[in-house]
Structure formats: structure tokens, C-alpha cells
Colleague: 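Let me give you the structure first, and then I'll get to my questions.
Just so it is clear, the values below take in all heavy atoms, side chains as well, and ignore hydrogens, waters and symmetry mates.
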Amino acid sequence: MSTTLSDRLRELIEPLVSSQELDLEEVTVTPAGKRRVLRVVVDSDDGVQLDTCADLSRTVSARLDESDLMGEGEYVLEVTSPGADRPLSEYRHFVRATGRLVKFHLTPDAGAEELVARIEAVDEDGLDLEVPGVKGRKPKQRRLPLKDVARARVEIEFNRKNASADRTQNEEEA
């Protein structure tokens with residue numbers, strides 16, 4: 001049996017999240033003055049709509065009201081999707097980041113400390129990357145085993161060239 005509050009909350013909330021075809025990414029409880037904040041982070045392959053978060057918030061709130069997990073003290077429930085800068089740590093995160101520019105911090109065994117590249121494809125063993133060319137050089141293709149990734153985070157791109165062409169192509173493929 002789970003002993004931490006976050007683990008017990010996860011057990012309570014996960015079936016509700018799964019029933020909406022979402023992934024439960026995180027459950028945290030943090031103090032905020034006299035109250036606590038219960039933050040539930042969810043995601044899916046197609047992203048999460050605001051209406052979905054609102055529906056799930058009502059469902060989770062009702063279920064919490066039926067239980068005594070949060071005790072008698074006041075708390076605020078937040079149901080949200082992960083931010084653009086959240087770490088990529090699970091296989092599904094890398095799949096969802098396909099086409100995005102990512103900053104990788106590599107393990108010492110990988111021979112480099114840091115790498116910025118665009119994820120082109122993902123499979124169980126690793127990532128196919130396009131490493132941007134520097135100073136007019138052509139981009140290079142690189143294979144990166146998942147075991148060589150210590151940390152990774154999507155880089156926000158404001159002026160991505162061909163972004164609209166990529167979106168059109170992705171929409172046609174879907």
C-alpha cells in the first residue's frame with residue numbers, strides 16, 4: 001500500500017484521468033499560505049483542451065469530496081497540461097516532441113555534454129535527430145540512443161522557418 005499522500009492521490013485520480021484517454025503526468029501537493037494546492041498535470045498525444053481540463057477538474061473534485069485524502073484543511077485543485085518547458089523523461093514525451101527542437105543533456109558515456117537537435121523519429125531504442133548546421137553548413141543526421149539522454153527539454157522557437165509547411169504536412173498525414 002502506498003504511504004505518501006501523492007501516491008494515494010495518484011491511485012485515486014489515475015482511473016479518472018485514464019477514462020478521459022489522458023496520461024497522468026504528475027500529482028503534487030504544495031503549501032500556499034493557509035491552504036494547499038493540489039496540482040494534477042495531464043497530457044495526451046493530441047494535447048489537452050481547456051474544456052477537458054475543466055471536465056476532469058469537476059470529476060476529480062467530486063471524487064475527492066467522497067474521500068478523506070485531503071483532510072479537513074482547505075485546498076485548491078488545479079488540473080492542467082504540462083508547460084512547453086517541461087522535461088522530456090518518458091518515451092511518450094519524445095514521441096510527442098517529434099518535429100520539435102530539443103536541448104539534450106547527455107550522459108558522460110555519450111561523449112558530449114549538450115546537444116540541440118530536432119527530433120525526426122522515435123523508436124524504442126533511440127531518436128533520429130537533425131542537428132542544425134552552424135554558420136551556413138548543412139544540417140547533419142544523428143542517431144541518439146535513449147540511454148545516452150540524461151535530461152531533455154523542448155526549445156521554444158519563435159521564428160522557425162518552414163513551421164507552417166511542417167504543420168500543413170502533419171495535418172495532411174493525420
Side-chain angles (χ1 to χ4, degrees), residues 2 6-7 9-11 13-28 30 39-57 60 78-174:
S2 297
S6 290
D7 288 343
L9 286 166
R10 180 175 280 279
E11 287 176 6
I13 294 169
E14 195 149 28
L16 305 173
V17 171
S18 295
S19 72
Q20 301 240 355
E21 297 181 3
L22 299 170
D23 295 315
L24 180 59
E25 296 291 344
E26 187 178 359
V27 176
T28 59
T30 55
R39 184 170 292 118
V40 178
V41 181
V42 297
D43 201 4
S44 80
D45 289 343
D46 300 322
V48 182
Q49 300 296 317
L50 185 58
D51 289 342
T52 304
C53 284
D55 291 343
L56 184 59
S57 180
V60 169
E78 291 181 6
V79 176
T80 186
S81 61
D85 64 343
R86 69 106 179 255
L88 306 177
S89 57
E90 301 284 335
Y91 174 78
R92 68 179 178 265
H93 298 163
F94 292 102
V95 170
R96 291 173 185 161
T98 300
R100 307 286 304 270
L101 193 65
V102 175
K103 184 176 196 175
F104 297 94
H105 295 273
L106 305 178
T107 63
D109 297 339
E113 292 183 18
E114 200 172 275
L115 170 69
V116 176
R118 188 169 311 281
I119 297 176
E120 292 189 325
V122 180
D123 61 43
E124 296 291 331
D125 297 320
L127 311 165
D128 292 328
L129 305 175
E130 180 183 79
V131 181
V134 179
K135 296 185 180 180
R137 294 186 183 141
K138 291 185 178 182
K140 295 181 181 180
Q141 303 301 309
R142 178 174 175 178
R143 178 75 177 167
L144 179 63
L146 285 171
K147 67 178 182 56
D148 290 347
V149 177
R151 293 187 326 257
R153 198 176 294 269
V154 170
E155 291 283 287
I156 306 300
E157 297 179 86
F158 294 106
N159 296 354
R160 180 174 173 197
K161 295 178 182 177
N162 299 326
S164 61
D166 289 349
R167 268 195 304 276
T168 303
Q169 181 180 358
N170 289 342
E171 289 169 2
E172 290 172 1
E173 291 173 357

Colleague: Rounded to the nearest 0.5 Å, what separation is found between the CG atom of L56 and the OG atom of S19?
Modeller: 7.5 Å
Colleague: For residues L101 and P132, report the shortest heavy-atom separation together with the two atoms involved.
Modeller: CD1-CG, 4.2 Å
Colleague: Would you mind telling me which of R118, K103, R100 makes a salt bridge (Lys or Arg N to Asp or Glu O under 4.0 Å) with E157?
Modeller: R118
Colleague: Give a yes or no on this: more than 12 heavy atoms of other residues, nucleotides or ligands lie within 6.0 Å of atom CD of E120.
Modeller: yes
Colleague: Can you confirm whether T52 sits close enough to S44 that some side-chain heavy atom of one is under 4.5 Å from a side-chain heavy atom of the other?
Modeller: no
Colleague: Tell me the closest heavy-atom pair linking F94 and V122, and the distance in Å.
Modeller: O-CG2, 3.6 Å
Colleague: CG of D55 to CG of L16: how many Å apart, nearest 0.5 Å?
Modeller: 12.5 Å
Colleague: Counting only heavy atoms not in E113, do more than 12 fall under 6.0 Å of its CD?
Modeller: no
Colleague: For the pair D23 (side chain) and E25 (backbone), establish whether a donor and an acceptor sit closer than 3.5 Å, ignoring hydrogens and angles.
Modeller: no
Colleague: Check S81 against V48 and note the closest heavy-atom contact, atom names and distance.
Modeller: CB-CB, 4.0 Å
Colleague: Test of understanding: with side-chain hydrogen bond (donor to acceptor under 3.5 Å, both in side chains), list the residues that count as partners of D43, not counting sequence neighbours.
Modeller: R86, R96
Colleague: Residues in side-chain hydrogen bond (donor to acceptor under 3.5 Å, both in side chains) with E26, at least two apart?
Modeller: none
Colleague: Please round to the nearest 0.5 Å and tell me the distance separating atom CG of D128 and atom CZ of R142.
Modeller: 12.0 Å
Colleague: Counting heavy atoms not belonging to R143, are there more than 12 under 6.0 Å from its CZ?
Modeller: yes
Colleague: Does the pair E78/R39 count as a salt bridge with the N-to-O cut at 4.0 Å?
Modeller: yes
Colleague: So, for R10 and P15, which heavy atoms are closest and what is the spacing to 0.1 Å?
Modeller: O-CD, 4.5 Å
Colleague: Rounded to the nearest 0.5 Å, what separates atom CG in D45 from atom CG in L22?
Modeller: 10.5 Å
Colleague: For V102 and A152, which heavy atoms make the closest approach, and how far apart are they?
Modeller: CG1-CB, 3.9 Å
Colleague: Does some side-chain heavy atom of L115 sit less than 4.5 Å from a side-chain heavy atom of L129?
Modeller: yes
Colleague: Just verifying a value: how many Å separate I119 CD1 and L88 CG, rounded to the nearest 0.5 Å?
Modeller: 6.0 Å
Colleague: Nearest 0.5 angstrom please: E11 CD to S6 OG, how far?
Modeller: 11.5 Å
Colleague: Take atom CD in Q141; do more than 12 heavy atoms of anything else shown fall under 6.0 Å from it?
Modeller: yes
Colleague: State, to 0.1 Å, how close D123 and L146 come at their nearest heavy-atom pair, and which atoms those are.
Modeller: O-CD1, 3.9 Å
Colleague: Any non-hydrogen side-chain atom of V41 less than 4.5 Å from a side-chain atom of T28?
Modeller: no
